[in-house]
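As structure tokens, the structure follows; a few thoughts come after it.
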Amino acid sequence: MENKEVFSKREIKYRSIQPSDEHTLQRIHDQLFPIRYESKFYQDVANGRGTESWGAVDVSRSDGQSDELIGFVTTRIVPAAEVEVNYVNYLKHVMKKIVSIHGNDLAKSDETLVHVLTLGVVKEYRHHGIASDLLKKVIENASMIQSCRAVYLHSSSENEAAVNLYKKMSFKLVRKLSKYYSFDGRHSDAYLFVYPLNGGRFHRWPFEVLISMLSCVRSGLESWGTKMKTDTSQSKKSGTQQNRGKLACH
């Protein structure tokens with residue numbers, strides 16, 4: 001990583017991903033991520049089929065590669081109804097509570113979400129705010145879509161730098177997903193982050209409130225059970241003298 005003084009002389013520009021970026025995009029993905037995506041993914045991203053994606057380039061490079069990607073973010077716009085019907089159950093319930101649907105049923109609304117698919121910056125350009133700028137680009141674009149109620153993404157719980165970045169940018173960590181990723185036979189947990197937009201609001205999930213209530217009830221029962229054991233033990237000790245049953249002292 002270059003120091004700030006040296007890096008300040010570089011000129012980073014942001015632009016839409018283009019068809020000519022396909023092979024570079026795949027190469028950088030292969031370098032950065034343990035997941036191997038199908039060729040169709042890169043073709044769709046490069047050609048904007050169902051996706052909206054941006055790249056970062058260093059136009060100050062003198063090696064003739066001034067338009068080569070050094071960072072990227074890939075996204076897709078997801079109809080809220082599609083999320084409810086086709087996506088995993090936890091996301092369905094999360095989004096029902098995060099997006100503001102103004103009294104309409106989510107499946108019948110025309111509201112959308114922006115899903116951040118991948119985000120990356122090549123090693124020598126990291127820690128200079130490029131990833132943050134790319135995410136800002138996503139948020140800015142999503143905020144101009146009146147039907148969009150949130151930007152959401154997943155991150156490995158082991159990727160401390162990414163987790164800190166999302167928190168710094170005011171994404172809300174709404175859930176930890178156990179064994180969400182599988183790399184070379186090893187499972188890794190993931191975090192689900194959400195950035196509400198255009199009237200979208202983050203609500204605490206009803207089932208989280210229920211879990212909290214049940215936890216309190218369980219603690220109360222455990223405390224009551226401990227008291228019962230103590231009282232029962234005391235009752236047994238005094239039973240021969242007072243000739244009372246186990247509940248006689250209650």
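Keep in mind that the numbers below use all heavy atoms, side chains included, and drop hydrogens, waters and symmetry copies. A quick note: this is a predicted structure, and the numbers were derived from the prediction, not measured.
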Which residue, Val151, Leu153, Val138, Leu135, forms the side chain to side chain contact (heavy atoms under 4.5 Å, CB included) with Tyr195? Val151
Looking at side-chain heavy atoms only, is the closest gap between Val78 and Thr112 below 4.5 Å? no
Nearest heavy-atom contact between Gly120 and Leu134 is O-CD1, 4.4 Å
As an exercise, state the distance from CZ of Phe193 to CZ of Phe171, rounded to the nearest 0.5 Å. 9.0 Å
CA sep, side-chain torsions, deciding dist, call: Lys123, Gln31, side chain to side chain contact (heavy atoms under 4.5 Å, CB included): CA-CA 10 Å; Lys123 187 175 181 180; Gln31 291 173 351; over 6 Å; no
What verdict does the salt bridge (Lys or Arg N to Asp or Glu O under 4.0 Å) test give for Lys13 and Asp133, after you've listed the backbone C-alpha separation in whole Å, the side-chain angles of each residue and the deciding distance to 0.1 Å? CA-CA 10 Å; Lys13 296 290 187 180; Asp133 287 342; over 6 Å; no
Are the side chain of Arg149 and the backbone N or O of Leu113 linked by a donor-acceptor pair below 3.5 Å? no
Judged by atom type as modelled, is there a donor-acceptor pair below 3.5 Å linking the side chain of Arg49 to the main-chain atoms of Ala46? no
Can you tell me how far the NE2 atom of His23 sits from the OG atom of Ser39, to the nearest 0.5 Å? 9.5 Å
Using every non-hydrogen atom in the two residues, find where Ser132 and Leu165 come nearest and quote the distance to one decimal. OG-CD1, 3.1 Å
Cys148 and Val114: which non-hydrogen atoms are nearest, and at how many Å? SG-CG2, 3.8 Å
Does any N or O in the side chain of Ser60 come within less than 3.5 Å of the main-chain N or O of Glu11, such that one atom is a donor and the other an acceptor? yes
Residues Leu25, Leu69; criterion side chain to side chain contact (heavy atoms under 4.5 Å, CB included); working and verdict: CA-CA 7 Å; Leu25 194 66; Leu69 295 179; 3.9 Å; yes
Any donor-acceptor pair under 3.5 Å linking the side chain of Asn47 with the backbone of Gln43? yes
Take a 6.0 Å sphere around CD of Glu38 and say whether it holds more than 12 heavy atoms from other residues, nucleotides or ligands. no
Does a donor on one side chain and an acceptor on the other come within less than 3.5 Å for Asp189 and Tyr180? no
Quick one: sort the His29 and Phe72 rings into parallel, tilted or perpendicular, breaks at 30° and 60°. parallel
Mind telling me whether Tyr152 and His154 have parallel, tilted or perpendicular rings, with 30° and 60° as the class edges? perpendicular
Where Tyr181 and Ser155 come nearest, the two heavy atoms and their spacing: OH-N, 3.8 Å
Between the side chain of Arg15 and the main-chain N/O of Asp67, is any donor-acceptor distance below 3.5 Å? yes
Applying side chain to side chain contact (heavy atoms under 4.5 Å, CB included) to Arg61 and Ile70, what does each step give before you reach the verdict? CA-CA 11 Å; Arg61 289 175 65 170; Ile70 52 91; 3.9 Å; yes
Any donor-acceptor pair under 3.5 Å linking the side chain of Arg36 with the backbone of Asp30? yes
Just checking, is any N or O donor in the side chain of Thr118 or Thr74 under 3.5 Å from an acceptor N or O on the other one? yes
For the student: nearest non-hydrogen atoms of Val163 and Ser156, plus distance: CG2-O, 3.8 Å
In sequence, state the C-alpha distance, the side-chain angles, and the governing distance for Val174 and Tyr191, and then conclude on side chain to side chain contact (heavy atoms under 4.5 Å, CB included). CA-CA 8 Å; Val174 298; Tyr191 290 137; over 6 Å; no
For the atom pair CD1 (Ile77) and CG (Asn141), what is the distance rounded to the nearest 0.5 Å? 7.0 Å
Rounded to the nearest 0.5 Å, how far apart are CD1 of Ile130 and CG of Leu119? 11.0 Å
Nearest 0.5 angstrom please: Asp58 CG to Tyr125 OH, how far? 3.5 Å
Are any of the side-chain nitrogens in Glu124 or Arg10 under 4.0 Å away from the carboxylate oxygens of its partner? no
Separation between CZ (Arg76) and CD (Glu52), nearest 0.5 Å, reads 12.5 Å
Apply salt bridge (Lys or Arg N to Asp or Glu O under 4.0 Å) to residues Glu68 and Arg27 and explain how you reach the verdict. CA-CA 12 Å; Glu68 182 176 274; Arg27 174 171 54 80; 3.7 Å; yes
